[in-house]
K.L.:
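Structure below; questions to follow.
What you are looking at is a predicted structure, and each value in this text was computed from that prediction instead of being measured. Just so it is clear: chains get the letters A, B, ... in the order the sequence lines come, proteins before strands, and each one is counted from 1. Just so it is clear, the values below take in all heavy atoms, side chains as well, and ignore hydrogens, waters and symmetry mates.
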Amino acid sequence: MWEKRPVIFLVLATAAILVGTIVTMVLPFAWVNTDADRIEGVKPYTALQQEGRDVYIREGCNNCHSQTVRPLVSDVLRYGEYSKSGEFVYDRPFLWGSKRTGPDLARLGGKYPDEWHYKHMESPRSMVPKTNMPDYGWLADNQLDPHMIQRKMEVLDFPFTADEIKGLNGKNEMDAMVAYMQKLGSDIPWRQATETTIVGDLVNPYPNVDHATMEPWEEIYAANCAACHGEHLEGVIGPELVGEAYDEETLFTLIYTGIQDGGMPSFASLGTDKVWKLVNFIKYYNQGENH
Amino acid sequence: MEKVDYNYAIVRSFVTWSIIWGVVAVLVGVIVSLQMVDPDLNFPPYLTFGRLRPIHTNAGIYGWGVGSIFATFLFIVQRLCKVPLWSNGLAKFQLWFFNATIIASAVTLLLGYTTSKEYHEMEWPIDVMIVILWVAFAINIIMTILKRKDEQMYISLWYMMASLVGVAILFLVNSAAEPVSLFKSYSAYAGTNDANVHWWFGHNAVAMALTAPPLAMFYYFLPKSTGVPIYSHRLSIVAFWSLIFMYLWTGAHHLLWTPVPDWIQTLAMGFSVMLIAPSWGSVFNGYLSMNGQWHQMRENYLVKFLILGITFYGLQTLQGPMQAVRTFSAFIHYTDWVPAHIHMGTMGWVSMIAFGSIYYLTPRIYGKQLYSIPLANLHFWLILIGQLIWSISLWVAGVLQAGMWNAMNPDGSLTYTFMETMVEMYPYWWARAIGGVIYFIGVLVFIYNLVKTVGKGDEESSEQALAEGRA
């Protein structure tokens, strides 16, 4: 009989659609973003960070970058601590994305120094030679509009000060973007919590290396170190490595665990073997040898 | 027999405009596929991948997809109800407002006015336009159905009505936002809630805009093309109600392993697997309708488009549930496998059905026989081959990249850095671009064929054939 009664049909179809809708879409509001998943220490965005987020949205960065680390071994090893619901309460809209043409950015904050981001945004290929990320240096030509940003902060109901808004004068979209990058995923102290501790004695598996042995290792250095320390260890964003007299254990520890306050990321994800190769490569060539 | 004054002019216009937006969608798709392999093809600020990709997706979904739905539904509803449209004026308004909305969408997206929500990127003023558009369409369809001459509503009308209601609910809820200015708003929901609402929308937009309507077309145009009825009415009833009931539970399969509560993910996973049944209900109903008619696959180009279309629907609705299983999702999600899946649905299933439907419509709304059936066959093979190259190359790419992301050394560290996995994608991205170009050429052949058909001078009048209900 519903096949002959359009009004009854529409009511039945609406009811069929609403059941799943209510259970899986409406009900979750009772748990999500409540005390049930609140995390102490998660702060709203500052005016500069929020504007960076809006530039990120405007440029469609979410088309290539996700912002959720899954509780899976390979995700956590690659990106860091898995994402938690309470970390996103100030995200309107959410920016989790659905494709990783580029890497996930949920834990990017604090991984690199600001200067790395400025250089990378301006010319991604100068830092990561084979990347397909477009250049975004032109963001630096766009001055911020403090008046508009204040309005945004009011709509979002985020705290701000008059000084903070005034401080936006003279800042550009690149500054905002970098500020946003540095905030990502850094509201919980996950880096400290997951810091690698090396247990036991470190033994260099490649004690007697020469030029020929290290030929193929140059690629590892070029891909992971050269952007900051220079092709010839001369230093760019990171310090010059030439002439530094590190012992093997210290060098291994520095590379493997990184220097959290100094802007050097951990390279534990490379694995011990590649880190040892880097240790030997750097030790050999920072004593004046040319590769 | 009483002569009904059907409004075919509006169908002609929607066919034309949907194809125009379809060309834009495919062309922009080819451009962004080339930007993936060569970043120098980005021209900031307007012509970057980040801004063009939403234009590709939205032109495809709203311009070509919804445009061809408008065209076919406005035809089907008149024929099935055996009455003219309720309001020709409203239909005309719908046509112009549709084009205004699509143009406004393309321009604003190019200017960077976006909400960032996938397949719902347009900012709030355009959301308002889309709501007006959909209401105008829904009123016309429903009012036409209410004054129908045939008491029994055919299967296609069920899917149409479900789509009208479904899209309205989804779109209104997901559009909720607080405006800051004319071109900037913030979602009414935050973080995990926003994600869950959005993918409830996202997945069911696929259900209500890109599944129910093509099924409505399929159930109408297949029997019309073959001349034999649908195999089982009962099967179509079961498939219809279970499909629209189950779909709405599955949105969170886009959010497996994210902070969305586990029980929602589990429900989404379970219902996704169950969805195989109603999906294949329609596939079987289509196949079994071909009993004794399979020779038409060789003789009738319309059947070829429609049956290949429903075949890709069948494959799509097996692959989809597979991806919705946690373990498989853990491996494949975020890789190029996912766009390959989507494009089998859009280029294979939805577009094949839309092309077949338009081929069926053209002689009837223009009163002229198709210019060239060999060209229609060429079109068929080009889009089939283009799509297969597109999808297969990226399925391989997705499995390769997923394997590399998960590869581990004996000491428990990762084998590859992210960049080492990304550079492996370039050859496959090239293959995808080539597949896209072949598909684009196929679409151009289609357009050439239609233009030549419409431009034909001579004609034995099909007006009479239409009036007699033969066509």
K.L.:
Within this structure, what is the NZ-CG distance for the pair B/K117 and A/L95, rounded to the nearest 0.5 Å?
P.N.:
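It comes to 10.5 Å.
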
K.L.:
Looking only at non-hydrogen atoms, find the nearest pair between A/A268 and B/S413 and report the distance.
P.N.:
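Looking at all heavy atoms of both residues, the closest pair is O-CB, 3.9 Å.
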
K.L.:
Heavy-atom distance under 4.5 Å between the side chains of A/L12 and B/W241, does that happen here?
P.N.:
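In short, these two side chains touch, coming nearer than 4.5 Å.
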
K.L.:
So, B/Y189 versus A/F94, ring centres under 6.0 angstrom or not?
P.N.:
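Not under 6.0 Å, so no.
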
K.L.:
Rounded to the nearest 0.5 Å, what separation is found between the CG atom of A/L270 and the CG atom of B/L414?
P.N.:
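It comes to 9.0 Å.
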
K.L.:
I need the residue from B/P179, B/A177, B/S187 with the largest number of non-hydrogen atom pairs under 4.5 Å to chain A.
P.N.:
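Heavy-atom pairs under 4.5 Å are most numerous for B/S187.
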
K.L.:
Chain A: which of B/A162, B/G251, B/A195 shares the most heavy-atom pairs with it under 4.5 Å?
P.N.:
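Maximum pair count with chain A is reached by B/A195.
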
K.L.:
In terms of heavy-atom pairs under 4.5 Å with chain B, which of A/V89, A/V73, A/V19 leads?
P.N.:
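The answer is A/V19.
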
K.L.:
Is B/Q35 close to A/N132 at the side-chain level, that is, under 4.5 Å between some pair of heavy atoms?
P.N.:
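A side-chain contact is absent here, since even the closest heavy-atom pair is not under 4.5 Å.
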
K.L.:
Is the shortest heavy-atom distance from the side chain of A/K152 to the side chain of B/Y186 under 4.5 Å?
P.N.:
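In short, these two side chains touch, coming nearer than 4.5 Å.
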
K.L.:
Tell me, side chain or backbone of B/M208 under 4.5 Å from chain A's heavy atoms, or both, or neither?
P.N.:
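Side chain only.
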
K.L.:
Which atoms of B/M408 come close to chain A, meaning under 4.5 Å heavy atom to heavy atom: side chain ones, backbone ones, both, or neither?
P.N.:
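Looking at B/M408, just its side chain touches chain A.
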
K.L.:
Is there side-chain contact between B/N42 and A/D135, with heavy atoms separated by less than 4.5 Å?
P.N.:
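No, too far: nothing below the 4.5 Å cut-off.
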
K.L.:
Contact part of A/Q50 toward chain B, heavy-atom cut-off under 4.5 Å: side chain, backbone, both or neither?
P.N.:
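When you check distances to chain B, only side chain atoms of A/Q50 fall under 4.5 Å.
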
K.L.:
Please report the interatomic distance CD1(A/I17) to CG(B/N204), rounded to the nearest 0.5 Å.
P.N.:
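One finds 8.5 Å between CD1 of A/I17 and CG of B/N204.
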
K.L.:
Evaluate the ring planes of A/W2 and B/F240, with Trp represented by its six-membered ring, and classify them as parallel (under 30°), tilted (30 to 60°) or perpendicular (over 60°).
P.N.:
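Parallel: the ring planes of A/W2 and B/F240 meet at under 30°.
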
K.L.:
Keeping B/D411 on the side-chain end and A/T272 on the backbone end, is there a donor-acceptor pair under 3.5 Å?
P.N.:
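Yes.
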
K.L.:
Between A/L27 and B/W263, which heavy-atom pair has the shortest distance, and what is it?
P.N.:
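Scanning both residues, the minimum pair turns out to be CB-CH2, 4.3 Å.
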
K.L.:
For each of A/R5, A/K84, A/K99, tally heavy-atom pairs with chain B at distances under 4.5 Å, and name the one with the top tally.
P.N.:
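The residue among A/R5, A/K84, A/K99 with the greatest pair count is A/K99.
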
K.L.:
Measure B/A188 against the heavy atoms of chain A and call it side chain, backbone, both or neither at under 4.5 Å.
P.N.:
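Interface part for B/A188: backbone (N, CA, C, O).
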
K.L.:
Check whether B/L256 gets within reach of chain A through its side chain, its backbone, both or neither, counting any heavy atom under 4.5 Å.
P.N.:
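Backbone only.
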
K.L.:
Is B/E118 in contact with chain A via its backbone, its side chain, both, or neither, using a 4.5 Å heavy-atom distance?
P.N.:
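Contact with chain A is through the side chain of B/E118 alone.
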
K.L.:
Looking at B/G50, is its backbone amide N or carbonyl O close enough to the side chain of A/N63 to form a donor-acceptor pair, meaning the two atoms are under 3.5 Å apart?
P.N.:
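Indeed, once roles are kept as given, a pair shorter than 3.5 Å links the two residues.
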
K.L.:
Keeping B/N196 on the side-chain end and A/T24 on the backbone end, is there a donor-acceptor pair under 3.5 Å?
P.N.:
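At least one qualifying donor-acceptor pair exists.
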
K.L.:
For chain B, find which of A/C64, A/A223, A/C61, A/P6 contributes the most heavy-atom pairs closer than 4.5 angstrom.
P.N.:
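Sorted descending by pairs with chain B, the first entry is A/P6.
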
K.L.:
Would you check if there is a donor-acceptor pair between the side chains of B/T258 and A/Y82 at a distance under 3.5 Å?
P.N.:
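Looking only at side-chain atoms, B/T258 and A/Y82 do not form any donor-acceptor pair under 3.5 Å.
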
K.L.:
Between A/W96 and B/W199 (judged by ring centroids, cut-off 6.0 Å), do the two rings come close enough to count as a pair?
P.N.:
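That pair fails the under 6.0 Å test.
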
K.L.:
Below 4.5 Å from any heavy atom of chain B, which atoms of A/F267 appear? Answer side chain, backbone, both or neither.
P.N.:
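Answer is neither: A/F267 stays 4.5 Å or more from chain B.
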
K.L.:
Are the side chains of A/F88 and B/P259 in contact, using a 4.5 Å heavy-atom criterion?
P.N.:
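Yes, side chains in contact.
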
K.L.:
For residues 138-150 of chain A, give me every residue with a non-hydrogen atom less than 4.5 Å from any non-hydrogen atom of chain B.
P.N.:
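So the qualifying residues are A/W138, A/M148.
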
K.L.:
Could you state the interatomic distance from OG1 (A/T21) to CG (B/L248), rounded to the nearest 0.5 Å?
P.N.:
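With rounding to 0.5 Å, OG1 (A/T21) is 3.5 Å from CG (B/L248).
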
K.L.:
Is a side-chain N or O of A/R58 found less than 3.5 angstrom from the main chain of B/G112, in a donor-acceptor match?
P.N.:
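Such a contact is absent between A/R58 side chain and B/G112 backbone.
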
K.L.:
Please identify each residue that fulfils salt bridge (Lys or Arg N to Asp or Glu O under 4.0 Å) with B/E420, with sequence neighbours left out.
P.N.:
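B/E420: salt bridge (Lys or Arg N to Asp or Glu O under 4.0 Å) contacts with A/K274.
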
K.L.:
Main chain of B/A330, side chain of A/R70: is a donor-acceptor contact present, judged purely on distance under 3.5 Å?
P.N.:
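Answer holds: yes.
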
K.L.:
Return the OG1 to CH2 distance between A/T68 and B/W257, rounded to the nearest 0.5 Å.
P.N.:
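With rounding to 0.5 Å, OG1 (A/T68) is 13.0 Å from CH2 (B/W257).
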
K.L.:
Check whether B/R53 gets within reach of chain A through its side chain, its backbone, both or neither, counting any heavy atom under 4.5 Å.
P.N.:
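Only the side chain of B/R53 comes within 4.5 Å of chain A.
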
K.L.:
Taking C-beta and beyond as the side chain, do A/D273 and B/N409 meet within less than 4.5 Å on heavy atoms?
P.N.:
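With C-beta onward as the side chain, the pair stays apart.
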
K.L.:
Of all heavy-atom pairs between A/R151 and B/V180, which one has the smallest distance, and what is that distance?
P.N.:
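Closest approach of A/R151 to B/V180: NH2-O, 2.6 Å.
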
K.L.:
Looking at chain B, which one of A/S83, A/S98, A/G97 has the largest number of heavy-atom pairs inside 4.5 Å, strictly under?
P.N.:
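Result: the option with the highest number of such pairs is A/S98.
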
K.L.:
Answer with side chain, backbone, both or neither: which region of B/V197 has an atom nearer than 4.5 Å to a non-hydrogen atom of chain A?
P.N.:
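Interface part for B/V197: both.
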
K.L.:
Take A/R125 and B/D40, measure what salt bridge (Lys or Arg N to Asp or Glu O under 4.0 Å) needs, and give me the verdict at the end.
P.N.:
CA-CA 11 Å; A/R125 276 167 290 173; B/D40 285 331; 3.0 Å; yes

K.L.:
Checking the side chain of A/N62 only, and the main-chain atoms of B/S116 only, is there a donor and an acceptor separated by less than 3.5 Å?
P.N.:
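Between the backbone of B/S116 and the side chain of A/N62 there is a qualifying donor-acceptor contact (under 3.5 Å).
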
K.L.:
Could you tell me which portion of B/T415 (side chain, backbone, both or neither) has an atom closer than 4.5 angstrom to a non-hydrogen atom of chain A?
P.N.:
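Contact with chain A involves the backbone of B/T415 alone.
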
K.L.:
Okay, side chain of A/R78, backbone of B/W405: is any donor-acceptor separation there less than 3.5 Å?
P.N.:
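Indeed, once roles are kept as given, a pair shorter than 3.5 Å links the two residues.
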
K.L.:
Test your reading of the model: is there a side-chain donor-acceptor pair from B/Y426 to the backbone of A/K130, 3.5 Å cut-off?
P.N.:
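Between the backbone of A/K130 and the side chain of B/Y426 there is a qualifying donor-acceptor contact (under 3.5 Å).
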
K.L.:
Of all the heavy-atom pairs spanning A/I57 and B/K184, show the shortest one and how long it is.
P.N.:
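Closest approach of A/I57 to B/K184: CD1-NZ, 4.3 Å.
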
K.L.:
Identify which of A/G271, A/P103, A/G86, A/A15 forms the greatest number of heavy-atom pairs closer than 4.5 Å to chain B.
P.N.:
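Sorted descending by pairs with chain B, the first entry is A/P103.
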
K.L.:
Answer with side chain, backbone, both or neither: which region of B/T417 has an atom nearer than 4.5 Å to a non-hydrogen atom of chain A?
P.N.:
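Both parts, backbone and side chain.
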
K.L.:
Sort out for me which of B/W200, B/Y154, B/F245, B/F49 touches chain A most, counting heavy-atom pairs under 4.5 Å.
P.N.:
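So the answer, after comparing B/W200, B/Y154, B/F245, B/F49, is B/W200.
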
K.L.:
Can you check whether A/E59 reaches B/R51 side chain to side chain, under 4.5 Å on heavy atoms?
P.N.:
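They are in contact (side-chain heavy atoms under 4.5 Å apart), so the answer is yes.
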
K.L.:
Could you check if a side-chain atom of A/W31 sits within less than 4.5 angstrom of a side-chain atom of B/N193, using non-hydrogen atoms only?
P.N.:
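No; the side chains remain at least 4.5 Å from each other.
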
K.L.:
To the nearest 0.5 Å, tell me how far B/Q152 CD sits from A/E3 CD.
P.N.:
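Here the interatomic distance stands at 4.5 Å.
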
K.L.:
Checking A/R92 against B/D194 for the salt bridge (Lys or Arg N to Asp or Glu O under 4.0 Å) test, could you report, in this order, the C-alpha distance in whole Å, the side-chain angles of both residues, the deciding distance, and whether it holds?
P.N.:
CA-CA 7 Å; A/R92 293 172 57 187; B/D194 194 42; over 6 Å; no

K.L.:
Quick check on the interface: out of B/Q401, B/E121, B/M161, who has the most heavy-atom pairs with chain A under 4.5 Å?
P.N.:
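Highest number of heavy-atom pairs under 4.5 Å: B/M161.
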
K.L.:
With only heavy atoms counted, which part of B/N406 is less than 4.5 Å from chain A, the side chain, the backbone, both or neither?
P.N.:
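The answer is both parts of B/N406.
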
K.L.:
Name the option with the most non-hydrogen atom pairs under 4.5 Å to chain B; the candidates are A/D91, A/V32, A/V23.
P.N.:
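Counting heavy-atom pairs under 4.5 Å, the top option is A/V32.
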
K.L.:
If you count heavy-atom pairs within less than 4.5 Å of chain A, which of B/Y416, B/W249, B/Y247, B/W429 leads?
P.N.:
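Winner by heavy-atom pair count: B/W249.
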
K.L.:
Between A/S85 and B/T192, which heavy-atom pair has the shortest distance, and what is it?
P.N.:
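Scanning both residues, the minimum pair turns out to be OG-OG1, 2.9 Å.
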
K.L.:
Relative to chain A, which segment of B/M36 carries a heavy atom at a distance below 4.5 Å: side chain, backbone, both, or neither?
P.N.:
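The answer is both parts of B/M36.
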
